[in-house]
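One structure below.
Along the sequence shown, residues are numbered consecutively beginning with 1. Just so it is clear, the values below take in all heavy atoms, side chains as well, and ignore hydrogens, waters and symmetry mates.
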Amino acid sequence: MACGMKLLLVATALYLVLNTQHFVQGKLQVREPQVPCFFIFGDSVSDNGNNNLLPTFAKVNYSPYGVDFPQGPTGRFCNGRNIVDVLAELLGFENYIPPFAYANGSEIVKGVNLSNYQALKNLLLQGARISMGEQLKNHRTTVLRIIDILGKRSLAKKHLNKCLYSVGMGSNDYINNYFLPQYYQTSKEYTLEEYAEVLIKQYTQQILRLRKYGARKVSLVGLGLIGCTPDAIKTYGTNGSSCVEKLNNASQQFNQKLVALVDELNTNFTDSKFIYVNSYEMGSGDPTLVGFKVLDAGCCEVDQYGQCAPNKTPCQNRTDYVFWDGFHPSEASNLITASRTYSAYNASDTYPMDISHLVQLQLEPQVSAI
């Protein structure tokens with residue numbers, strides 16, 4: 001089993017290269033992307049620089065972040081590529097999707113990353129730095145700019161209908177809200193079941209708004225094992241378990257409702273397709289089977305916020321670590337997660353299909369405005 005899983009890791013890395021470029025008559029050729037554009041909504045797991053311009057301590061545009069990224073520290077909460085970076089490569093994009101904060105000119109036609117570190121802190125409540133609601137406002141601005149670039153609303157609508165949209169929301173509503181009773185009343189006002197319902201109801205309205213702006217192929221990313229991060233283990237303890245069970249239980253309750261939402265959306269909108277990415281299940285296996293050796297600590301020395309301490313030398317054996325800092329996965333973890341999201345290794349990785357099949361769908365257009 002161990003050899004088989006290690007082979008999967010090697011094959012995944014090889015597949016990544018072969019899927020983005022090939023040789024024709026001895027010359028390197030870059031193929032056309034599988035979709036014309038890729039739009040990304042999310043939190044720090046997918047943020048690639050939007051947080052840099054905000055008045056917040058939660059910035060990571062400094063060393064050792066980006067130690068393995070060609071451009072160095074960019075605002076990615078990782079040592080290298082994040083999950084959506086790898087997905088962009090797998091989809092055939094020549095360049096990474098630019099952050100909204102820096103995107104300009106015609107490059108936005110190929111997509112924009114609207115993610116932000118605090119996207120879900122009060123995602124569905126008030127007070128987020130750039131909440132999902134604010135990300136949607138920024139996306140609306142992008143859509144209007146695309147209409148101007150393409151010249152016609154109808155052309156923009158046709159273009160946007162073909163794009164891939166990735167949405168990953170919810171973790172910070174628990175980590176930085178529900179489980180911080182010293183700052184928020186949320187856990188006193190709602191049970192975990194009730195809170196998940198509140199979040200999903202608001203999330204539903206926001207996904208419908210995204211669809212109104214032209215989204216037809218949408219990947220909804222479930223919550224991962226938020227109780228297994230180094231910061232969670234340090235903060236709450238595990239009572240003999242390997243992770244903080246109450247946090248992981250919250251993830252599961254949210255995910256159950258998210259799967260139901262995917263079914264509801266697919267039933268109601270036959271001209272669209274929504275999929276669920278089972279981050280929780282992907283993270284539930286034994287990480288040592290794919291070569292990881294350190295499961296409960298980040299590769300870098302962290303500060304009081306769980307972020308890498310500035311300019312400190314990180315670990316040298318970074319591929320041995322599941323986590324990069326107190327919260328975020330390493331590039332090695334991101335490579336595996338992105339690969340399984342794109343092409344499911346287990347049937348439970350995605351539902352009802354993976355991204356490689358989602359982008360191939362030919363959906364019947366429906367007359368509507370954007």
Side-chain angles (χ1 to χ4, degrees), residues 8 11-22 24 29-42 46 81 83-97 109-113 139 146 150 154-168 207 210-211 213-222 258-259 261-279 281-282 334-368 370:
L8 169 65
T12 297
L14 179 61
Y15 178 69
L16 176 65
V17 175
L18 294 179
N19 199 51
T20 54
Q21 56 191 31
H22 59 279
V24 176
Q29 303 289 320
V30 179
R31 66 179 178 79
E32 286 296 312
Q34 296 163 44
V35 286
C37 38
F38 183 21
F39 290 96
I40 302 152
F41 303 80
S46 53
R81 294 166 292 175
I83 293 170
V84 294
D85 288 330
V86 180
L87 280 174
E89 292 178 331
L90 287 167
L91 289 166
F93 285 93
E94 185 175 358
N95 299 309
Y96 297 121
I97 305 302
V109 174
K110 293 184 179 181
V112 172
N113 187 332
H139 182 56
I146 290 174
L150 297 183
S154 59
L155 291 178
K157 177 182 180 297
K158 184 177 180 180
H159 178 77
L160 293 166
N161 286 172
K162 296 178 181 178
C163 302
L164 175 65
Y165 299 77
S166 175
V167 188
I207 295 303
L210 178 60
R211 185 182 175 279
Y213 294 159
R216 294 296 181 269
K217 298 179 179 181
V218 184
S219 169
L220 299 179
V221 183
L258 186 58
V259 172
L261 174 60
V262 166
D263 283 335
E264 179 183 340
L265 291 169
N266 284 329
T267 298
N268 293 342
F269 302 107
T270 56
D271 66 334
S272 307
K273 198 66 177 181
F274 299 82
I275 70 168
Y276 167 71
V277 176
N278 195 349
S279 303
E281 183 65 24
M282 290 187 204
N334 290 336
L335 175 61
I336 296 174
T337 301
S339 297
R340 292 176 67 171
T341 300
Y342 177 80
S343 181
Y345 179 74
N346 293 324
S348 59
D349 286 351
T350 58
Y351 170 81
M353 65 184 66
D354 57 31
I355 283 181
S356 71
H357 289 88
L358 176 64
V359 297
Q360 293 177 33
L361 292 180
Q362 299 296 319
L363 299 171
E364 291 295 326
Q366 180 177 344
V367 177
S368 61
I370 59 173

Spacing of [X] atom [atom1] and [Y] atom [atom2] [to the nearest 0.5 Å]:
X      : Y      : atom1 : atom2 : value
Ile355 : Ser166 : CD1   : OG    : 6.0 Å
Thr350 : Tyr276 : OG1   : OH    : 10.5 Å
Ile146 : Lys157 : CD1   : NZ    : 14.0 Å
Leu358 : Leu164 : CG    : CG    : 6.0 Å
Asn268 : Arg211 : CG    : CZ    : 9.5 Å
Leu160 : Cys37  : CG    : SG    : 6.0 Å

Kindly give the heavy-atom pair with the smallest separation between [X] and [Y], and that separation in Å.
X      : Y     : value
Ala338 : Leu90 : O-CD1, 3.9 Å
Phe93  : Pro36 : CE2-O, 4.1 Å
Pro33  : Gly92 : CG-O, 3.7 Å
Gly42  : Ser46 : CA-OG, 3.7 Å

Would you say that [X] contacts [Y] through its side chain, given a criterion of any heavy-atom pair below 4.5 Å between the two side chains?
X      : Y      : result
Asp271 : Arg216 : yes
Val221 : Ser219 : yes
Val84  : Asn113 : yes
Phe41  : Leu210 : yes
Leu220 : Ile275 : no
Thr341 : Val277 : yes
Ile83  : Thr337 : yes
Leu150 : Lys158 : no

Using only heavy-atom distances, determine whether the side chains of [X] and [Y] contain a donor-acceptor pair under 3.5 Å.
X      : Y      : answer
Tyr342 : Glu89  : no
Ser348 : Asn346 : no
Tyr351 : Asp263 : yes

message: For Met353 and Lys273: C-alpha separation, side-chain torsions, deciding distance, then whether side-chain contact (heavy atoms from CB on, under 4.5 Å) applies.
response: CA-CA 10 Å; Met353 65 184 66; Lys273 198 66 177 181; 3.6 Å; yes
task: Report, as yes or no, whether the 6.0 Å neighbourhood of atom NZ on Lys217 holds more than 12 heavy atoms from other residues, nucleotides or ligands.
output: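 Yes, the 6.0 Å shell around NZ holds more than 12 heavy atoms from other groups.
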- prompt: Just one of Ile40, Ile207, Val218, Val35 clears the side chain to side chain contact (heavy atoms under 4.5 Å, CB included) bar with Tyr165, so which one?
  reply: Val218
Measure from the side-chain N and O atoms of [X] to the backbone N and O of [Y], and report whether any donor-acceptor pair falls under 3.5 Å.
X      : Y      : result
Ser279 : Gly222 : yes
Asn266 : Phe274 : yes
Asp85  : Ala88  : no
Asn161 : Gly214 : yes

Pair His139-Tyr213, side-chain contact (heavy atoms from CB on, under 4.5 Å): steps then yes or no: CA-CA 8 Å; His139 182 56; Tyr213 294 159; 3.9 Å; yes
